[in-house]
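Comments concern the structure below.
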Amino acid sequence: MLWVYALCACAIQSAALIEAGDFAKNIAAIVGNLTLQEKYSLLQGVSSSGADGYYVGTILNISRLGIPSIKMQDAGQGFRTSDARLVGQVTSWPCALALAATWDSSMAYEFASAAADEFVIKGANMVLGPGLNVHRVALGGRNAEYLSGEDPVLGAALVGEWVRGFQEKGILATAKHYLLNNQETNRVSYSAQASPRAVAEVYMVPFRAAALAGSAAAMCSYNKINGTYSCSNAATLRELKTLLRGWVMSDWGATHATAVEQGLDQDMPGTDDWYSPNQLNSVHGDAIDAAVTNVLGPLLSIAPTVGCQPGPDCAHDLFETNATSTEHDALAERILTQGTLLLKNDALLPLDRSLKVGLVGSVSDAPNNVTDLISTMRGNYYVVGGSGRVVPARVVTILEGLVHAGFDNLQISPTDDVSAALSLDVDVLIACGGATSGEGADRTTLSLDQEDFLVRISNQSTLPVVIVALAPGAILLPFKDDAAAIIVSFFGGQATGAAIANIISGAASPSAKSPVTFPLSVNDTILPCRDLSCPYAEDLYVGYKALHAKPVAFPFGHGLSFATFGYNWASTPDASILASSPSLSFDVVLTNVHAVYSGVETPQVYITYPPEANEPSIQLKAFSKTPLLPPNRTALLHFELDMSSFRIYSPSASSWIVVAGLYDLYVGASSRDLRLHHSFYIEPRGAVPKVS
Ligand code: BGC
């Protein structure tokens, strides 16, 4: 019982509370014991972000009751390097999108648990993540920070373990940015005009999962939703709060009203006047108590330890401790290796280390630009720009990774000079490119910065060419037909080159699957809206669901292994299933049919709905992973799909329904490589499964 521990840390005055009733009663008693000013102090941050010993967001402690301060820090790639002194003291992890590319919730857990240790050492007790927004706009400036990629089912599947990993270590999680913050263009002023059905079936899904997983908090976003600022939007905030057993805080500066009664519990960073004592005096006392309860519940149950107090007391933890370790270096490399995509391989990779390899392009040894980065919101080829940024003190560049991996016959042309690259006397070329991205602005192009160089190298070289791209999200790959192999790593942080070298050398068998579609043209994607009113006219047709009839460069869910897998049913779902059944189950056998290479495969389950459902034609519903399979070995994977995963939202009924009719179920290696097919009926008899 964590709360007992929490209350044991209290000062004498609260001792009587320790023995009192259950947790809720204790919280109620504590709330009853707070002065009005103390209650208010839990609802408004103090404007000290950036000062010595203060975190990105801070709520001061209430010492007489032993209530800890809340010390908040971002998030996108680990403990945010909001001060130059932090660089090198914390791990620069792979970005959330790289983690998503592992399609592995145990990786999400391992990352979160290790990153949480760094937060603990740094004296923080709250992480301003996970970022969960579904990639509606491929050019989205913060897509690298989002765990969902372009499918909410992926984010929902990973977020639970992400939250658990942090919260088990006493670090409160914050699901952000709620809701419809799908672009950076005009992010503080645009209104996302989305249908209730798109909100329910697409954008809410990962947030619902985060709330159900016990996330302590959610952060409302800068934008408006159907005309009302997200942080004052009673409809969307209340909907989340039916599931969230915690509090809603504003994004930094996203408060536009004293909206406690609309569902905004806490104003951050607290520098505006909306949650000043004067303003809060106008709010009904019950609403104040409810907001305070929302904060105290998770705080005292998940993060009860008092720890250092913000200000000079925390300066030591924050700036003078080393929170990273060789174990974390190794884990960052392992996560990124499993999150690095092999999109194409014409039997070229892995490369024999004895080959003469030409490594070309400025990105092959791209600088980390640490000093440039400290005071700016810019990112580079390794980290996302803005609040998600964790500047590494050092990165393993692609060159360093290959050298370390034992490629001794390496020749280098570290510029984007085509003729210099083509004049190398080698057996194979590895040509590198990248793109940058960050908070506050969407990308202006899906092209890599060195696209022209890479196109010309692939096209003109008589040698086989491996393209390596360091990417913020979806990118264009116009060299795809000429290149013999293509590797994409989303912002990888400090381990970038090490993970790429693991794939190139075959030290690891690639296993990542893409959380995004790689389109043929930016015009095949939804562009950032430039108006202040942004209709989500595509409704449910987001990401690969919009592109079903169009050719793409590489589809959602795609990613190669060195191994080759055979797919077989071990058992199929019943031919006819009642809507009221709890679940639908089946088993799949995966066999590594490759003669030489071991590998891991991620079979993905897609369904198509009956036409009356009016749903996009193919939708991810579940996925699983095999263990590392040596040649000729099989894995039996059991799937149990909750019937609620077939429900759709009916705006006319304002509720969820399951449409009766014929469904197609596919199991495949990507959204376009569907290996197994089975049809089944859902019958209407019985009650529709309850929304969970
Ligand atoms: C970002 C949030 C972040 C906050 C605090 C805002 O600009 O949108 O994601 O958590 O700053 O750094």
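Both counts, for ligands and for their atoms, begin at 1 and track the order of listing. No hydrogens, no waters, no symmetry mates; every other heavy atom, side chains included, goes into these values.
- Note on Glu320 versus Arg85: no salt bridge recorded, every NZ/NE/NH1/NH2 to OD/OE distance being 4.0 Å or above.
- At a 4.0 Å heavy-atom cut-off, ligand 1 touches Arg142 through the side chain alone.
- Using a cut-off of 4.0 Å between Lys/Arg side-chain N and Asp/Glu carboxylate O, Glu110 and Arg334 are scored as salt-bridged.
- Given atom 12 (O) of ligand 1, the protein heavy atom at minimum distance is Asp74 OD2, 2.5 Å.
- With respect to the salt-bridge test (charged N to carboxylate O, under 4.0 angstrom), the residues Lys169 and Asp117 qualify.
- Contact atoms of ligand 1 toward Val56: 5 (C), 12 (O) (distance under 4.0 Å to a heavy atom of the residue).
- Here's the thing with Trp252: none of its N/O atoms is less than 3.5 angstrom from an N/O atom of ligand 1.
- Protein heavy atom at the shortest distance from atom 9 (O) of ligand 1 is His177 NE2, 2.6 Å.
- The shortest contact between atom 2 (C) of ligand 1 and any protein heavy atom is with Asp251 OD1, 3.2 Å.
- Annotation for ligand 1: atoms under 4.0 Å from non-hydrogen atoms of Arg80 are 12 (O).
- Among all non-hydrogen protein atoms, the one lying nearest atom 7 (O) of ligand 1 is Glu439 OE2, 2.6 Å.
- Every atom of ligand 1 with a heavy atom of Met219 under 4.0 Å away is listed here by number and element: 10 (O).
- No donor-acceptor contact under 3.5 angstrom links the side chains of Asn233 and Ser230, judged on distance only.
- The distance from ligand 1 to the heavy atoms of Arg187 drops below 4.0 Å at these ligand atoms: 7 (O), 8 (O).
- Not a single heavy atom of Glu145 sits less than 4.0 Å from an atom of ligand 1.
- When non-hydrogen atoms are compared, ligand 1 lies under 4.0 Å from neither the backbone nor the side chain of Met249.
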### Task
Please test Arg394 against Asp329 for salt bridge (Lys or Arg N to Asp or Glu O under 4.0 Å), starting from the C-alpha separation and ending with a verdict.
CA-CA 11 Å; Arg394 54 182 174 72; Asp329 292 349; 3.3 Å; yes

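- Ring-centre distance between Tyr203 and Tyr536: below the 6.0 Å cut-off.
- At least one side-chain heavy atom of Phe490 sits less than 4.5 Å from a side-chain heavy atom of Val516.
- Using a 4.0 Å cutoff on heavy atoms, Glu184 does not count as a contact of ligand 1.
- In this structure, the side chains of Lys513 and Phe556 stay at 4.5 Å or more apart for every pair of heavy atoms.
- Residue Lys176 touches ligand 1 through its side chain alone, judged by heavy-atom distances below 4.0 Å.
- The aromatic rings of Phe166 and Phe111 stand perpendicular to each other, their planes meeting at an angle above 60°, with 30° marking the opposite boundary.
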